[in-house]
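Keep in mind that the numbers below use all heavy atoms, side chains included, and drop hydrogens, waters and symmetry copies. Please read these numbers as outputs of a predicted model, since none were measured by experiment. Ligands are counted one by one from 1 in listed order, and the atoms in each one are counted from 1 as well.
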Amino acid sequence: MSDINNIPYKIYLSESELPKYWYNVRADMKNKPAPLLNPGTLQPMTAAELSGVFCEELVKQELDNDTREYPIPQEIQDFYKMYRPSPLVRAYCLEKKLGTPAKIYYKFEGNNTSGSHKLNSAIAQAYYAKQQGLKGVTTETGAGQWGTALSMACSYFELDCKVYMVKVSYEQKPFRREVMRTYGASVVPSPSDTTAVGRKILEQFPGTTGSLGCAISEAVEVAVSNPGYRYVLGSVLNQVLLHQSVIGVETKIAMDKYGIKPDVIIGCAGGGSNLGGLISPFMGEKLRGEADYQFIAVEPASCPSLTRGKYAYDFCDTGMVCPMAKMYTLGSGFIPAPNHAGGLRYHGMSSILSQLYDDGYMEARAVEQTKVFEAAEEFARVEGILPAPESSHAIRVAIDEALKCKETGEAKTILFGLTGTGYFDMVAYEKYHDGLMSDYIPTDAELQKGFDALPKV
Ligand SMILES: *Cc1c(COP(=O)(O)O)cnc(C)c1O
């Protein structure tokens, strides 16, 4: 299958064409993302303070607003070769089904055992921990994708990996847990009695099934109280967007090779890492005035941090032990209604994307989950891939944009990020098929409670 320009169904790069550097979009931003603050002093976190929690090289990357390109260390390039390049697919079948003149492309990141893009940053973070001579790392996981990616990365570099998994997922997703244990990680349901913050939360809320914010607090406590350990995070942070830029750089190399220029670039946004990574090199061109693109972030209507949140300093975790970040947020106490896109349930958003959104460089849309699963199924039936619920948010908006083109007759080129596979989410698909899925949208009054609890900075 190909069109008149001979664009293949799947565009793969050869090994020698793979990205050799990560691109740091902060270097081209006029308004830099706001710095992390020390919650005690309200002063910007220094490198020395941050290196108690994070690896030294990662602290450097976190604070670096100026270096445009970071060479990808050879060891990481070698690991990337096990599952990269990821295919850039022309969705000919979907276009035909929709009857749209639009050209649709997606970059598929689900082609590795962890099943999502998270491995791109997990391997980088494990590499720098190993370089520093650490024994191991701690982290939290919600739906389980990040924990799985990190356990794979740690086993590759022979590092110990302690994962605090939100209790409800630990119980509902036993297979995710077993994949992590297969790669040698220890997995603890959170909140647990293994940490002071966990014991406090259990005392206050006996029977709680946990939250991401709470699991972060536990993982950070274990990292700072055990010599030879550091904490790692799978999204939100600047360093994670930097590593995920491999998605965008690779996409751009492939598109340039065939002379394709996207008009619209779409991605789902949880903490913002896949979207930030995909759009980075394109956003760089827009920021430098070399090209123009329309960027759309897609979030669940049940957790609408960009479309309905406040741009303010907030805590990143429930226990308030982490630095504060300025971001679009619903408040660290906000607990979204149960939604099957576990990876999109975080209360805040990457500081980089928050700043770009606030400056008007990017749009955002919120979509309801039944509409998301409708799009997921439509996509699966024609394109073959069974998408993750998170990724399906991007599919929803890509289809909506393609249908708009059908009305206007415009042949726009649409690119979206297909972040992962949905094999561990079949309970969610089951709910959808049985008509048991609901679309909860928080009221203004409910959101106000979260805003009232924002720290006064
Ligand atoms: C974690 C996850 C996301 C959301 O995280 P971002 O940091 O916003 O990219 C999206 N899709 C999948 C498959 C995920 O696992």
> Please walk me through it: do T148 and S114 pass side-chain hydrogen bond (donor to acceptor under 3.5 Å, both in side chains)?
CA-CA 6 Å; T148 313; S114 77; over 6 Å; no
> Quick check: closest heavy atoms across Y231 and T139, and the distance to 0.1 Å?
CE1-CA, 4.1 Å
> Strictly distance-based, threshold 3.5 Å: is any side-chain N or O of N112 a donor or acceptor partner for the main-chain N or O of S116?
yes
> Counting distance only, does the side-chain N/O of T329 pair as donor-acceptor with the main-chain N or O of G331 below 3.5 Å?
yes
> Run the salt-bridge test on D64 and R26 with the 4.0 Å N-O cut-off and return the result as yes or no.
no
> With sequence neighbours left out, write down each residue that passes side-chain hydrogen bond (donor to acceptor under 3.5 Å, both in side chains) with S186, or none if nothing qualifies.
none
> Pick out the protein N or O atoms lying less than 3.5 Å from any N or O of ligand 1, and list each pair with its distance.
unit_1   : atom_1 : unit_2 : atom_2 : d
ligand 1 : 7 (O)  : S235   : OG     : 2.5
ligand 1 : 7 (O)  : S273   : N      : 3.0
ligand 1 : 7 (O)  : S273   : OG     : 2.7
ligand 1 : 8 (O)  : G270   : N      : 2.7
ligand 1 : 8 (O)  : G271   : N      : 3.0
ligand 1 : 8 (O)  : G272   : N      : 2.8
ligand 1 : 9 (O)  : H117   : NE2    : 3.1
ligand 1 : 9 (O)  : S273   : OG     : 3.2
ligand 1 : 9 (O)  : N274   : N      : 2.8
ligand 1 : 9 (O)  : N274   : ND2    : 2.8
ligand 1 : 11 (N) : T419   : OG1    : 2.7
ligand 1 : 15 (O) : K118   : NZ     : 2.6
ligand 1 : 15 (O) : Q145   : NE2    : 3.3

